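Quantities reported herein were computed from a predicted structural model and do not represent experimental measurements. Lettering of chains follows the sequences in order, A, B, ..., and the numbering in each one begins at 1.
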2 protein chains.
Amino acid sequence: MARRGRNVVKGSGKLAQSPWGQPINRFGPITFAAAEEIEALHDASMELLENTGLYVLSEKALRLYEAAGAKVDYSNNRVRLGRDMVKACLASAPSQFTLHARNPDRNLEIGGKNLTFLTAATPPYCSDIDRGRRTGNFQDMSDLLRLCQSLNTVHAMTGYPVEPQDLPVPTRHLDCYAAFIELTDKVWRPYGTTPDAVKDGLEMICIARGISREQLKNEPSLLINVNINSPLTFDDTMSDSLIEMSEMGQAVIVSPFTLAGATSPVTMEGALAQQNAEVLSGIVLTQIVRPGAPVVYGAFSSNVDMKTGSPAFGTPEYNKCAIISGQLARRYGLPYRSSNINSSNVVDAQATYESQMSIWGAFLGGVNVFFHGHGWLESGLTTSFEKLVIDSEMLQMMTAAMKPLSFSAENLAVEVVDEVGPGGHFFGTAHTLARYRNAFHAPMVSDWNNFENWNESGGLDATQRANAVWKQLLQEYTPPPLEEDRREAIHAYVAKRKAEIETMKAA
Amino acid sequence: MARRGRNVVKGSGKLAQSPWGQPINRFGPITFAAAEEIEALHDASMELLENTGLYVLSEKALRLYEAAGAKVDYSNNRVRLGRDMVKACLASAPSQFTLHARNPDRNLEIGGKNLTFLTAATPPYCSDIDRGRRTGNFQDMSDLLRLCQSLNTVHAMTGYPVEPQDLPVPTRHLDCYAAFIELTDKVWRPYGTTPDAVKDGLEMICIARGISREQLKNEPSLLINVNINSPLTFDDTMSDSLIEMSEMGQAVIVSPFTLAGATSPVTMEGALAQQNAEVLSGIVLTQIVRPGAPVVYGAFSSNVDMKTGSPAFGTPEYNKCAIISGQLARRYGLPYRSSNINSSNVVDAQATYESQMSIWGAFLGGVNVFFHGHGWLESGLTTSFEKLVIDSEMLQMMTAAMKPLSFSAENLAVEVVDEVGPGGHFFGTAHTLARYRNAFHAPMVSDWNNFENWNESGGLDATQRANAVWKQLLQEYTPPPLEEDRREAIHAYVAKRKAEIETMKAA
């Protein structure tokens, strides 16, 4: 009954999706700010980097900045970057690079007009409409990873789909990385947020891909997100994880959380200027560490709800900043990260229209790396199983909408119209019959039955139908192939590291 | 409790909305089809008009086409239009015009980058989450008109917000037009769909505006939508209503319903070529009747659900056609109509994401006249009270997103960031305090409370909150002022015409 609306592969009963692949963005980029306004933003952020400077906690980072020509005041950890130095560092950052998955069919092209859709990054909670909202655990994380593997719109994982809080913190990342490797064959992120956790990620991806550390250096396989702590604070775990990744030639996304009215000025112009200064300070560090290291311009400027002071996402201001941030990324020739976010507490119209504002802002901004693409709810505190499916549906629709047309005589079909003639219909023509099976995008969740049929088959809304979709996907899930020796080596690495960490704790 | 999430004017408790006004489209137009592809579409449609031709039922229309140079075959009502004739007629169509409301503050500028948001046109049913789905009646229509008057995003009415099926058909339009005039002061559409009903509309708008028929000719005040019956059939009620309106200098939108795979070829390219031929055939007639008569290029190409043959709206194919149709309208220098539509049976995520696909397709297509902008549900069979509010919310958000920024030193706020410094926050700065009250768009429906607060205040989803919004709007509604003599004249006209129609029926 609930299956009625769903799109299944004929005969198999299996859920049919759009095929795997990275879409080409045909909607963006557009310009929202004029060229001289982008320069005004650039100048304001250069002023911030030159005069106000950055508070950098890590000794290692301070020395790297200094060696590259920054003014460093060790008495107060302040780093000031001249605009010539910033410009010189930006020159070596690549505009496009490849991320290598353990399954080469899952490799990703980052930059240009290529789109990469990711997952919600590590919310503390998860929810579905049967079991409600709950603290993240390893079982739920594993199920969400199975869904990430199954859904073709998920190109890579941005973090843990939910934080598995039932696992001990010091070794949690090891179990999660092993789950990434065993349950999926897609690109993932070493989310540990400490340099040591990043190191474990680098070791484990080498095992999973069966490559040396030298090869890894030339084949970026992992991405991390580095969050400048706005305003203008570069925490040591962040800078040192960045250093670890860039040394190894892995991808770093730098994304400050510039929340207008809280962590940045209340004006969106001010939030964008500060965002730009903060992003560039991180990108400069990647290029100091290793010129040519892959890096992404990350934007996350939004506004607070002035009634409560809490952040709001998918707002009109957020949409605008997503477009302008893309203009900034292109000014520096960098790939661009944006996010699919909303502030709703339930998978409803608000969750959807705020997400859509985020999606269109990103696409029109020329996004390359679309963070939080699947499942984000409650301003990022929850991954929703149903939202994950609905986000996949929306991204499938965006992908289908961008498919080019072909204005051949056959498709323009003048003769077909002539043959049918005024007052006829096209259901039975040879032209229709030859094409109708694949003529149009087929949805996973949308129900196009008329009211009566829809009502008779249970009157389910989209969220309830999405519930049936993820259950079917979990049932149909099969783990991607993994060479047995690599699996064993992964397990052995995890066991060894757990023992080391236990010993260190005991010591 | 339910009021928590809502945006009220401080002290008054009244619902706060974005102000009345037509937004300027800053997102579109974009191009999806290349210039030579647009020419291929144009050529294909010219071929259809020249060779296949149109089936025109009205004798009056046949004679008008013939007098203007078309090849007319009276034996089979076939009209063939040469491309030179089409070109000559298009030359006199204005690219922009003003629609005059009975309240001049509600006048609308149609064309250019100006956006006009309308309502769902005359569904047979209406629904809300308390009373469910029901056959349209005059009470519900009147309540919906009150909401149309109250919501600032509603610029004009596209028809009856719901068909009042409890009123007798022959005189229904008279009561509805009187309701338009008394309950609102905005532009409306004489929906009668017969030339006589259009005539009544023309008389009644003259009374409502207190102007002569001569003045009306120079001040377009009404709009109608003329539907070419695809494929290539021009029904007599449609052509003759068009003639009536264009003679009087009133606005005509020509919109065929080209449904790929049913009323047009299964390829979207073919649907667009046929759409273009059909739109132009109607536009040509307006200019034959009165060169310079205001007219709008209407597009309504979508695809069927190939499983059921029923129409699907807000699909990826629809989105693409909305963008390309805008390119076609601009090729001819005409204002462009698109629609806010979806195929959901309930106000859920599907209703919203399909609407958003329609909204963005229209905006990126450079829409001027946004039909069905508020309330459309169930592929147009129902106006939903809650969807009407949620559509208003989404259009408010679009409007806010398009507001330009100003990159002044004050807004770039470099000094403010410097003053706060690394690690500080911006809540208490003078810069924030001076601006926070109006810094950001404030929603009507969205709830940005955290999960706990949201849950405690009832855990309402967006549809439930929209329900509270329309109830509050109805409570706060006050009818717009109307001169007593005009009101009496309207009533007298309605009474006179009802008597005439009764007499005619009896005869």
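- Top candidate by heavy-atom pairs under 4.5 Å with chain A, chosen from B:G423, B:S45, B:P231, is B:P231.
- Under the rule for a ring pair (Phe, Tyr, Trp, His ring centres under 6.0 Å), the partners of B:F27 that lie at least two apart in sequence or sit in another chain are B:W360.
- Most heavy-atom pairs under 4.5 Å with chain A: of the set B:A273, B:A277, B:A271, B:A349, this distinction falls to B:A349.
- Shortest non-hydrogen contact noted between A:P311 and A:S343 is O-OG, 3.8 Å.
- Proximity to chain A (any heavy atom under 4.5 Å) is shown, for B:F32, by both the backbone and the side chain.
- Only the backbone of B:N450 comes within less than 4.5 Å of a heavy atom in chain A; its side chain stays farther off.
- Of the possible polar contacts, none joining the A:R78 side chain to the A:Y55 backbone as a donor-acceptor pair under 3.5 Å is found.
- Side chain to side chain, A:S446 and B:Y353 meet the donor-acceptor criterion of an N or O pair below 3.5 Å.
- Contacts of B:R437 with chain A are absent, with no heavy-atom separation under 4.5 Å from either backbone or side chain.
- When heavy atoms are compared at a cutoff of 4.5 Å, B:S406 approaches chain A by way of both its backbone and its side chain.
- Of the residues considered (B:N455, B:L54, B:V414), B:V414 shows the highest number of contacts with chain A, using heavy-atom pairs under 4.5 Å.
- In this structure, NZ on B:K307 lies 12.5 Å from OH on A:Y436, to the nearest 0.5 angstrom.
- At a cut-off of 3.5 Å, with distance as the only test, a side-chain donor of B:N303 or B:T315 sits close to an acceptor on the other residue.
- Counting heavy-atom pairs under 4.5 Å between each of A:T31, A:L48, A:I324 and chain B puts A:L48 at the top.
- Checked for salt-bridge contact, B:E393 and B:K387 miss the test: no charged N lies under 4.0 Å from a carboxylate O.
- Interface residue B:L364: only side-chain heavy atoms are found under 4.5 Å from chain A.
- In this structure the side chain of B:T308 never reaches within 4.5 angstrom of the side chain of A:W448, judged on heavy atoms.
- Within the structure, salt bridge (Lys or Arg N to Asp or Glu O under 4.0 Å) pairs that include any residue of residues 413-427 of chain A do not occur (at least two apart or interchain).
- Between chain A and the residues B:V347, B:D305, B:T429, the most heavy-atom pairs under 4.5 angstrom are made by B:D305.
- Taking B:E386, B:E37, B:E47, B:H425 one by one and counting their heavy-atom pairs under 4.5 Å with chain A, the maximum is reached by B:E37.
- For B:E317, the part lying under 4.5 angstrom from a heavy atom of chain A is the side chain only.
- Ranked by heavy-atom pairs shorter than 4.5 Å toward chain A, the options B:A40, B:A262, B:S230 are led by B:A262.
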